[in-house]
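Please read the structure below before turning to the comments.
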Amino acid sequence: MELTQVQPVRQNHREKTDGDSGEVSSRKSFIEANTVDTSLDEIKEKHIIPVFIKDNETVISHADFIESTIDIVNDIFNGETILKPCIRLSHPIKGRIPEAKNKAAINLQEHEKTLYYERMAFVIEIPSVFDDIEGNQLSLTVGGVKALNLDNLYNRKGTDEHFKVFIGFKNTVCTNLCVWTDGYMSDLKVNSIGQLNGAIKTLLNNYNANYHMFSMRQLSEYNLTEQQFATLIGRCRMYQYLPRAMQNEIQPLQLGDNQIGTVVKDYYKDEAFCKLQDCNLTLWRLYNLFTGACKSTYIDNFLDRSVNAFQFTDTLRLALKEHSSNWFLN
């Protein structure tokens with residue numbers, strides 16, 4: 001994707017800088033479930049790098065993944081304002097150096113401890129490329145997920161390593177990520193940093209920001225009544241208990257009971273996306289209730305659920321547009 005394909009999304013002029021602006025992306029957390037905030041410097045200086053068991057060669061580290069993405073974003077979006085990555089970690093793997101093997105954990109010195117995190121997610125915001133839907137400003141955002149639990153470390157270097165990479169938009173009102181299938185690689189398998197770089201470049205170059213924005217903006221043109229919303233919530237709770245044969249005939253839904261409960265609570269209480277005065281709810285608001293609920297998902301699943309949230313909401317839009325049947329609404 002040439003930069004000129006993205007630029008028409010920009011609705012207002014904003015001062016641009018060359019490369020890293022120094023500000024960190026997403027001051028609020030883009031994911032909440034069981035994660036901690038960190039910086040790239042902390043990962044590089046304090047976290048050890050896992051290896052493949054059979055040859056002691058390193059995996060593609062979290063830092064390598066993030067730095068490669070930063071370099072590619074700076075190259076493709078040269079001249080835009082690019083913020084520092086916001087990074088979240090979960091599932092710490094702790095250890096100790098051999099000299100401290102007989103010490104009680106409470107007596108360990110900092111230099112005697114080792115640490116890395118099994119799962120990592122990051123986002124890089126490009127706020128100079130943005131648009132607006134229902135008064136919500138959306139900034140172009142690139143990011144990825146690395147979950148070492150998906151890799152077979154009981155092998156040798158050259159074995160496939162798994163990554164998730166996306167480009168989409170971040171809603172600056174709530175830091176919800178707006179991701180869809182055309183801007184998402186859900187199971188990128190590579191065995192070298194060169195392959196990883198090539199795949200990220202291809203994804204970013206092929207992404208059509210204007211079409212993605214057009215597709216999301218259509219959601220604001222359709223409403224659910226309070227009765228339709230109530231029916232939808234009931235069906236969402238029923239869906240996971242349906243026989244598999246019935247599920248296969250219906251638009252998949254990846255949100256569980258906890259997330260659906262959050263959607264109902266926020267229907268009444270969310271300051272930005274609650275019901276309107278007439279109790280109706282635009283599909284744009286519903287979509288953001290879904291993506292907001294996705295923040296309580298573990299790192300290795302939250303992007304898949306975010307993508308599913310758009311697919312699911314768009315099938316509701318098509319049903320309302322064409323006055324056709326939809327199991328979740330009828």
Side-chain angles (χ1 to χ4, degrees), residues 1-10 14 16-31 38-40 43 60 62-88 120-131 137-147 162-172 175-188 190 193 195-213 216 291 294-295 299-300 302-304 306-307 310:
M1 176 185 63
E2 296 295 330
L3 184 60
T4 52
Q5 289 182 277
V6 180
Q7 283 179 329
V9 174
R10 190 184 300 107
R14 179 179 295 173
K16 298 187 289 182
T17 61
D18 291 329
D20 190 349
S21 72
E23 184 181 349
V24 177
S25 305
S26 300
R27 293 184 180 276
K28 297 180 181 178
S29 175
F30 62 93
I31 183 172
T38 191
S39 67
L40 182 56
I43 292 176
I60 299 172
H62 294 338
D64 288 341
F65 182 22
I66 297 169
E67 288 183 318
S68 292
T69 306
I70 291 172
D71 290 342
I72 293 168
V73 168
N74 279 317
D75 180 46
I76 293 179
F77 298 100
N78 182 34
E80 299 294 338
T81 300
I82 300 171
L83 305 187
K84 289 184 177 180
C86 175
I87 307 169
R88 307 293 296 187
M120 179 276 300
F122 71 96
V123 296
I124 303 169
E125 187 181 350
I126 310 168
S128 57
V129 181
F130 66 99
D131 208 333
Q137 184 171 299
L138 283 77
S139 298
L140 190 67
T141 302
V142 177
V145 166
K146 176 61 183 174
H162 300 73
F163 297 84
K164 300 175 187 287
V165 185
F166 79 90
I167 178 171
F169 287 89
K170 187 200 76 174
N171 192 329
T172 59
T175 69
N176 293 352
L177 295 180
C178 303
V179 187
W180 73 339
T181 52
D182 289 355
Y184 180 45
M185 302 182 76
S186 62
D187 187 18
L188 172 58
V190 302
I193 194 70
Q195 287 185 357
L196 178 61
N197 289 344
I200 296 172
K201 288 179 182 178
T202 299
L203 178 68
L204 270 57
N205 282 325
N206 290 337
Y207 173 69
N208 189 327
N210 290 305
Y211 185 55
H212 187 189
M213 185 62 65
M216 290 191 293
T291 55
C294 289
K295 290 181 178 180
I299 279 178
D300 49 335
F302 94 100
L303 280 176
D304 297 299
S306 295
V307 171
F310 178 79

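What you are looking at is a predicted structure, and each value in this text was computed from that prediction instead of being measured. Below, each value reflects all heavy atoms present in this structure, side chains not excepted, and no hydrogens, waters or symmetry copies.
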Quick check for you: to the nearest 0.5 Å, what is the distance between [X] atom [atom1] and [Y] atom [atom2]?
X    : Y    : atom1 : atom2 : value
N176 : N171 : CG    : CG    : 6.0 Å
S68  : I60  : OG    : CD1   : 8.0 Å
T81  : E125 : OG1   : CD    : 10.0 Å
N197 : D71  : CG    : CG    : 8.0 Å
K146 : L188 : NZ    : CG    : 9.5 Å
F30  : T141 : CZ    : OG1   : 10.0 Å

Contact check, side chains of [X] and [Y], non-hydrogen atoms, under 4.5 Å:
X    : Y    : value
N208 : D182 : no
I200 : L203 : no
L140 : F77  : yes
P127 : L83  : yes
F310 : T291 : no

Derivation and outcome, side chain to side chain contact (heavy atoms under 4.5 Å, CB included), residues L138 and C178: CA-CA 9 Å; L138 283 77; C178 303; 4.0 Å; yes

Basic-acidic side-chain contact under 4.0 Å: D304, K164: yes

Worked verdict on V123 versus K170 for side chain to side chain contact (heavy atoms under 4.5 Å, CB included): CA-CA 9 Å; V123 296; K170 187 200 76 174; 5.7 Å; no

Test item: side-chain donor near acceptor, S39 and K84, under 3.5 Å: no

Between Q137 and T172, a side-chain donor and acceptor under 3.5 Å: no

What heavy-atom pair brings [X] and [Y] nearest, and what distance separates the two atoms?
X    : Y    : answer
I87  : M120 : CG2-CG, 3.9 Å
I66  : P85  : CG2-CG, 4.0 Å
A199 : M185 : O-SD, 3.8 Å
V179 : Y184 : CG1-CB, 4.0 Å
F302 : A121 : CE2-CB, 4.1 Å
H162 : D187 : CD2-OD1, 2.9 Å

Geometric class of the F122/F65 ring pair [parallel <30°, tilted 30-60°, perpendicular >60°]: perpendicular

Plane angle bin for Y207 and H212 - parallel if under 30°, tilted between 30 and 60°, otherwise perpendicular: perpendicular

Single hit among N74, I76, D75 for side chain to side chain contact (heavy atoms under 4.5 Å, CB included) with I72: I76

